[in-house]
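This report refers to the structure that appears directly beneath it.
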2 protein chains.
Amino acid sequence: MSVKPEGESCIVHQFGKMIELNETEINLLSALEKEVRLFKAGERLSLSGDYSDRFYTLKSGWACAIKTLADGQRQVLDIFLPGQIIGLREIGLSHSLSEFRALTTIEVCPFPKQRLTEIFEQSVRLTDLFFLIMAREQAMLIERIINIGRRNATERLAHFIVEMKTRLNQRASEFHMPINQSIIGDTLGISSVHVSRTFKYLRDLGYIEKNNGQIEIKNLEGLIELSGFDRTYLESTPVWTRLRSSMK
Amino acid sequence: MSVKPEGESCIVHQFGKMIELNETEINLLSALEKEVRLFKAGERLSLSGDYSDRFYTLKSGWACAIKTLADGQRQVLDIFLPGQIIGLREIGLSHSLSEFRALTTIEVCPFPKQRLTEIFEQSVRLTDLFFLIMAREQAMLIERIINIGRRNATERLAHFIVEMKTRLNQRASEFHMPINQSIIGDTLGISSVHVSRTFKYLRDLGYIEKNNGQIEIKNLEGLIELSGFDRTYLESTPVWTRLRSSMK
DNA sequence: CGTGGGGTTGATTCTTATCAATTCGGGTGG
DNA sequence: CCACCCGAATTGATAAGAATCAACCCCACG
């Protein structure tokens, strides 16, 4: 993971990875940032239904958006990795639709939502970029709907593993997945017991190996084939030439 | 597919339902519109993976976004009702992630996506509004994920019926649902045969009655209770005061 | 009259949930 | 260093839910 220079805003760092930022844009983004906050694994950043006036960039650790039903069942809506923006999805809404929770110890930078307004007024390029990021988030939600709606447990888990590896940008075949099987089940819409069985099945197939939260992919092609994984949804290009010309 | 001339812009009409539009804003929106097109039931507006440079407002009829998997299974991602914008979700992307299809005979107004740029430059209020509409679309996707991931067939169908009634703004207990059980199944992630059984079950419970695509809700409270329907996700308020003050 | 698409119903099979018992591994306190 | 504890993972047995396959009905439409 890359190192962030002292004193630099982490949203600038993240956005700077996507497009070239000029000085005005850097100042606009930096102005949003005030502090870095720590949360421990399991802690909640905000509750579902809360008045929510801020969002966060995730500097380190894993987090998730989760919704609990009346009968106690849970559905994980998103898993956030370092560099992502937590709560962006609800940027236009005054009240949160889901609860945000730390999955590991995390560092986040909170930003007040309302000041986004200033950005819209002063930089069309940044407006475009926010739209693009939202569009990508939606693409992930859609892929999740397809995964849950039309694939069986084995395919769902295989897809999830490939997605995580892709999102973590791992070239190595082994990576760390610091979440338990209950969270995985609530993400994929299956029970934690069945997650365990499905992992065993993938191990028996010789596709993966795993211990202590380390996942070793022994047959990536097999997983992709099995799950029908289509990587294009993670790398869609923006429609605006204004942005496209400066995409990294 | 045919083309017909049209007097009043339908996007102005739709947006005008949500907020008060001043003359500048009306002109900006009207400028996007060129024509009205007709599609017959079953016709495709665009294909998945296509280069997509436009979106549509739906004047009349029902349409859907649908994705077909490699093995022929299908997942319906959205059902569009009159007044909605088709393709807004992919507004920031150059290539479509799903295919759009007419479910009945429809009238749509196509708009070039790229000119959205002009709107961002010239009206912050409209920019806010587009963000709000996207946020609401996401809220519906999330509700769909919860529905598919954590509810059984009966609950899913009950939820779907209540959602449709709510979105159609029906005060009457009876309304028209011009889609077949195969589409409903592909929306809810169950087989069409099971949709039929589930309808029968809801009929046996005395919650609904139905013939010829007409649905009569005989026990709305029962359906809401059964499905855990929460209407707040369809009526979230915007975070920006600029918009809030002129919301209708 | 046929014909075809959608809907219904029954029989069977497959997948996954649920419940329960057991094991594993890491952390804690004596 | 060891005994214990606790949450997570595993495994087995059973039950529930939904898919699949197949037959049949209904009806709109040529």
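Numbered from 1 within each chain, the chains take letters A, B, ... in sequence-line order. Below, each value reflects all heavy atoms present in this structure, side chains not excepted, and no hydrogens, waters or symmetry copies.
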Look at all strands and tell whether [X] reaches a base, only sugar-phosphate, or nothing, counting heavy atoms closer than 4.0 Å.
X	answer
G185(A)	nothing
R156(A)	nothing
V193(B)	base

Grab the [atom1]-[atom2] distance between [X] and [N] for me, whole Å please.
X	N	atom1	atom2	result
I179(B)	dG6(C)	CD1	P	13 Å
M177(A)	dA9(D)	CE	P	11 Å
F199(B)	dG6(C)	CZ	P	15 Å

Any idea how Y56(B) and F39(B) line up, ring-wise: parallel (<30°), tilted (30 to 60°), or perpendicular (>60°)?
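Aromatic pair Y56(B)/F39(B) classed perpendicular.
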For L69(B) and R74(B), run side-chain contact (heavy atoms from CB on, under 4.5 Å): C-alpha distance rounded to whole Å, both residues' side-chain angles, the deciding distance at 0.1 Å, then the answer.
CA-CA 6 Å; L69(B) 302 194; R74(B) 298 183 311 172; over 6 Å; no
Assert: residue with more 5' nearest nucleotide on DNA chain C, out of N212(A) and S192(A), is S192(A)
Candidate pair E107(B) and K40(B), rule salt bridge (charged side-chain N to carboxylate O under 4.0 Å, His left out), full reasoning
CA-CA 9 Å; E107(B) 294 175 285; K40(B) 293 199 205 103; over 6 Å; no
Would you kindly compare K200(A) and R150(A) by the position of their nearest DNA chain D nucleotide and give the one closer to the 5′ end?
K200(A)
Within 45° cone and under 6.0 Å: K210(B) NZ/CZ vs F199(B) ring
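Yes; both conditions hold, so K210(B) lies above the ring face of F199(B).
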Taking only the side-chain heavy atoms of [X] (C-beta and beyond), determine which of [options] contains the nearest atom.
X	options	result
I190(A)	dT9(C), dA9(D), dA17(C)	dA17(C)
N180(A)	dA8(D), dT10(D), dA17(C)	dA8(D)
N152(B)	dG17(D), dT20(D), dT11(D)	dG17(D)

For Q181(B) and dT8(C), is the shortest distance between a side-chain N/O and OP1 or OP2 below 4.0 Å?
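For Q181(B), the contact criterion (side-chain N or O under 4.0 Å from OP1 or OP2 of dT8(C)) is met.
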Does S196(A) put a side-chain nitrogen or oxygen below 4.0 Å from OP1 or OP2 of dA9(D)?
no
Is it the case that the base of dT18(C) and the side chain of R197(A) share a donor-acceptor contact (distance under 3.5 Å, atom types as modelled)?
yes
